[in-house]
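For ligands, and for the atoms within them, numbers begin at 1 and follow the listed sequence.
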Amino acid sequence: MVKALRCLILGGDGYLGWPTAMYLSKRGHEVMVVDNYLHRQLAAECNAPALYSVPDLPERCKLWQATNGIEIRHAIGDVQDYDFLSTITREFLPDTIIHYAEQRSAPFSMKGYQEAKLTLINNLSTTFNLIWVVMRDAPNAHIIKLGTMGEYGTPNIDIEEGWIDIEHKGRKEHFLYPRQGSSLYHTTKIHDTDLLWFYVRMAGLRVTDLMQGPVYGLLTEEIGNNFDLLPFFDYDDIFGTVVNRFVVQAVAGIPLTVYGKGGQTRGFLNILDTLQSIGLVVENPAKPGEMRILNQFTEQFSITEIAKMVQEASASWGIKTEISHLENPRKELEEHYYNASREGLSKLGLKPNFLTKEVLQQMIAVVQKYKDKIDTRSIMPRVRWS
Ligand SMILES: NC(=O)c1ccc[n+]([C@@H]2O[C@H](COP(=O)([O-])OP(=O)(O)OC[C@H]3O[C@@H](n4cnc5c(N)ncnc54)[C@H](O)[C@@H]3O)[C@@H](O)[C@H]2O)c1
């Protein structure tokens with residue numbers, strides 16, 4: 001039996017935040033979600049509709065209580081507002097704070113000056129406020145921060161888990177692994193990591209920084225057949241992550257858009273494994289003064305490999321899908337070495353849910369229910385890096 005913990009989720013309305021809230025609530029933890037609907041606002045401004053609309057947070061919490069008899073508390077507000085975050089923290093007294101509340105689209109952060117500034121200020125201010133609120137109001141709380149595998153870039157050496165031992169002119173030191181983001185969004189995540197590491201050293205905070213790969217999927221055990229509990233599902237060029245976008249393109253009957261050669265390789269994971277990882281980390285917290293960095297993905301694929309897998313899974317539902325290579329709107333290597341370590345979460349007990357044909361077929365089946373709502377105008381890349 002797991003000890004019930006009080007978990008505050010910042011960004012609890014998001015693609016990962018809401019499923020995390022349900023998952024932790026079902027495991028017996030007391031959960032509170034916080035959001036200012038920034039994602040909904042930016043998606044509307046960018047003409048990037050999600051596949052279906054989802055209820056607002058108070059409504060989702062009501063639905064959850066009606067379905068399971070368990071309360072998920074909520075507060076609507078901006079984590080950039082220090083007093084708001086401090087008040088909630090003093091009232092709720094969290095054991096754990098999971099920080100998802102950032103602008104998380106790389107293309108959005110590269111769209112123009114205003115978008116870049118919003119991303120920089122929002123992401124760093126939310127992390128900075130969280131650090132200060134924890135130092136002042138909840139010094140023993142465990143901070144779980146969502147970083148990204150994209151912080152590491154695509155170096156020509158193996159990617160370690162957060163840290164690397166370097167020998168230089170006969171002397172040795174243990175450093176943060178070198179980071180080189182490929183968008184401003186990724187660069188804000190690097191700054192987050194630096195800020196957290198600074199305050200771990202200065203104030204003895206307990207931090208887990210999760211370097212997560214692109215997530216795919218939409219069904220979780222907690223949703224069951226109650227589709228009103230589904231998370232957002234973005235498929236557009238700005239907010240849609242690649243597997244989810246390809247599945248929607250296949251269902252819409254338009255070619256899968258591989259950027260450039262398609263040899264770009266990344267570490268991916270099923271949304272079920274995001275939830276499993278967060279559960280493991282919540283229940284096995286970092287120690288005071290520890291900056292624990294874990295790489296959160298389960299498998300590596302190139303974009304071309306993903307496109308072929310989606311094509312094959314669609315074919316078994318009788319859908320014929322083409323793959324088209326577009327001029328790459330991003331500045332990134334299209335063929336490169338990639339070998340990242342992921343031992344930490346396995347040691348904690350993560351049992352991966354791999355990207356099989358059956359998993360893709362299940363996603364396609366759900367997306368097909370919303371086929372009429374797909375807006376194909378929001379799929380082709382509208383943002384260029386240069
Ligand atoms: N989805 C992925 O594939 C993926 C991969 C790697 C890392 N991540 C990271 O995981 C986290 C969650 O990702 P997601 O896909 O759920 O993103 P999301 O955009 O769906 O969710 C983030 C939520 O935070 C909220 N938010 C943002 N700024 C806020 C603020 N100032 N105050 C209050 N709420 C605010 C947004 O409104 C949104 O609901 C992000 O930090 C993201 O960088 C996601």
Side-chain angles (χ1 to χ4, degrees), residues 8-21 23 32-46 48 50 54 56-57 60 74-82 84-85 88 97-109 118-130 133 143-152 181 183-193 196 209-218 220 230-236 238-245 266-271 273-275 277-278 294-298:
L8 181 63
I9 302 179
L10 310 179
D13 188 48
Y15 172 53
L16 302 178
W18 177 243
T20 303
Y23 179 82
M32 180 168 190
V33 283
V34 174
D35 211 289
N36 66 347
Y37 300 139
L38 178 70
H39 185 117
R40 293 180 189 239
Q41 179 202 322
L42 299 181
E45 285 170 14
C46 293
V54 301
D56 63 16
L57 263 190
R60 289 170 132 184
H74 64 271
I76 306 304
D78 191 341
V79 176
Q80 287 191 69
D81 176 346
Y82 181 89
F84 166 74
L85 184 62
I88 293 171
I97 307 181
I98 301 160
H99 179 21
Y100 287 132
E102 299 210 346
Q103 189 304 97
R104 69 110 163 105
S105 157
F108 181 87
S109 75
L118 183 152
T119 305
L120 183 74
I121 292 182
N122 186 66
N123 293 2
L124 289 176
S125 306
T126 54
T127 302
F128 186 67
N129 280 354
L130 170 61
V133 162
I143 296 177
I144 300 176
K145 165 73 183 54
L146 265 290
T148 151
M149 286 298 292
E151 289 186 37
Y152 301 121
S183 75
L184 182 76
Y185 154 71
H186 291 104
T187 305
T188 65
K189 293 290 192 185
I190 297 170
H191 293 329
D192 281 343
T193 298
L196 288 163
D209 198 358
L210 296 169
M211 300 297 133
Q212 182 172 243
V215 183
Y216 58 84
L218 72 176
T220 70
L230 280 173
F232 280 108
F233 194 76
D234 294 312
Y235 60 90
D236 61 280
I238 295 177
F239 295 99
T241 48
V242 64
V243 182
N244 293 354
R245 185 158 47 83
R266 304 286 184 265
F268 292 84
L269 77 163
N270 192 311
I271 193 168
D273 292 338
T274 295
L275 304 186
S277 303
I278 295 284
L294 302 171
N295 291 347
Q296 186 168 307
F297 71 96
T298 57

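- There is no side-chain donor-acceptor pair under 3.5 Å between His99 and Asp192.
- The shortest separation from a heavy atom of Phe232 to ligand 1 is not under 4.0 Å, leaving the residue out of contact.
- Looking only at protein heavy atoms, the nearest one to atom 20 (O) of ligand 1 is Tyr15 N, 2.9 Å.
- Protein heavy atom at the shortest distance from atom 3 (O) of ligand 1 is Val215 N, 2.9 Å.
- At least one heavy atom of Gly213 sits less than 4.0 Å from an atom of ligand 1.
- Atoms of ligand 1 lying under 4.0 Å from any heavy atom of Pro214, numbered from 1 in the order shown and given with element: 3 (O).
- Judged as a side chain to side chain contact (heavy atoms under 4.5 Å, CB included), and not counting sequence neighbours, the contacts of Asn123 are Glu102, Gln103, Thr119, Tyr185, Thr188.
- Looking only at side-chain heavy atoms (C-beta outward), Tyr37 and Ile76 come within less than 4.5 Å of each other.
- Of the protein's heavy atoms, Leu16 N, 2.8 Å lies nearest to atom 16 (O) of ligand 1.
- For ligand 1 and Tyr37, the ligand atoms under 4.0 Å from any heavy atom of the residue are 37 (O).
- Using modelled atom types, no side-chain atom of Thr241 and backbone atom of Pro214 make a donor-acceptor pair closer than 3.5 Å.
- Residue-ligand proximity, Val79 to ligand 1, at heavy-atom distances under 4.0 Å covers atoms 30 (C), 31 (N), 32 (N), 33 (C).
- Annotation: atom 19 (O) of ligand 1 to nearest protein heavy atom, His39 ND1, 2.6 Å.
- Ranking protein heavy atoms by distance to atom 14 (P) of ligand 1, first place goes to Arg104 NE, 3.5 Å.
- Residues Leu16 and Ile278 form no side-chain contact, since every pair of their non-hydrogen atoms from C-beta on lies 4.5 Å or further apart.
- The ligand atoms of ligand 1 that sit less than 4.0 angstrom from a heavy atom of Asp13 are 39 (O).
- The atoms of ligand 1 that sit less than 4.0 Å from any heavy atom of Tyr185 are 7 (C), 42 (C), 43 (O).
- Considering only non-hydrogen atoms, atom 37 (O) of ligand 1 lies nearest to Asp35 out of Asp35, Asn122, Leu146, Thr274.
- For the 3.5 Å distance criterion, the side chains of Gln80 and Asn129 fail to qualify, holding no donor opposite an acceptor.
- Taking both residues in full, the closest heavy atoms of Phe232 and Ala50 are given as CD2-CB, 4.0 Å, listed atom of the first, atom of the second, then distance.
- Of the protein's heavy atoms, Asn36 OD1, 3.1 Å lies nearest to atom 35 (C) of ligand 1.
- Here the heavy atom of the protein found nearest to atom 22 (C) of ligand 1 is Tyr100 O, 3.4 Å.
- Using bins of under 30°, 30° to 60° and over 60° for the plane-to-plane angle, the ring pair Tyr15/Phe233 lands in the perpendicular bin.
- Ligand 1 lies out of reach of Ser125, whose nearest heavy atom is not under 4.0 Å from it.
- Considering backbone and side-chain atoms alike, Leu38 places an N or O below 3.5 Å from some N or O of ligand 1.
- Contact annotation: the side chain of Phe268 approaches that of Val243 to within less than 4.5 Å [non-hydrogen atoms, C-beta and beyond].
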- Task: Evaluate the criterion side-chain contact (heavy atoms from CB on, under 4.5 Å) for residue pair Gln41 and Asn36; output intermediate values, then yes/no.
- Result: CA-CA 9 Å; Gln41 179 202 322; Asn36 66 347; over 6 Å; no
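- For the atom pair CG (Leu146) and OG1 (Thr274), the distance works out to 7.5 Å, reported to the nearest 0.5 Å.
- Side-chain contact between Gln296 and Leu294 is absent, with no heavy atoms from C-beta onward closer than 4.5 Å.
- On a distance-only criterion, Thr126 and ligand 1 share no N/O pair closer than 3.5 Å.
- Closest to atom 21 (O) of ligand 1, if we only count protein heavy atoms, is Gly14 CA, 3.4 Å.
- Within the structure, the salt bridge (Lys or Arg N to Asp or Glu O under 4.0 Å) test picks out no pair touching residues 119-129 (sequence neighbours left out).
- Residue contact check: Thr241 has heavy atoms under 4.0 Å from atoms 3 (O) of ligand 1.
- Of all atoms in ligand 1, listed by their number and element, those nearer than 4.0 Å to a heavy atom of Asp78 are 30 (C), 31 (N), 32 (N).
- At least one heavy atom of Gly147 sits closer than 4.0 Å to an atom of ligand 1.
- In this structure the side chain of Phe297 never reaches within 4.5 angstrom of the side chain of Arg266, judged on heavy atoms.
- By heavy-atom distance, the residue among Gln212, Lys189, Arg266 lying nearest atom 41 (O) of ligand 1 is Lys189.
- Remark: ligand 1 atoms within the under-4.0 Å shell around heavy atoms of Gly77 are 32 (N), 33 (C).
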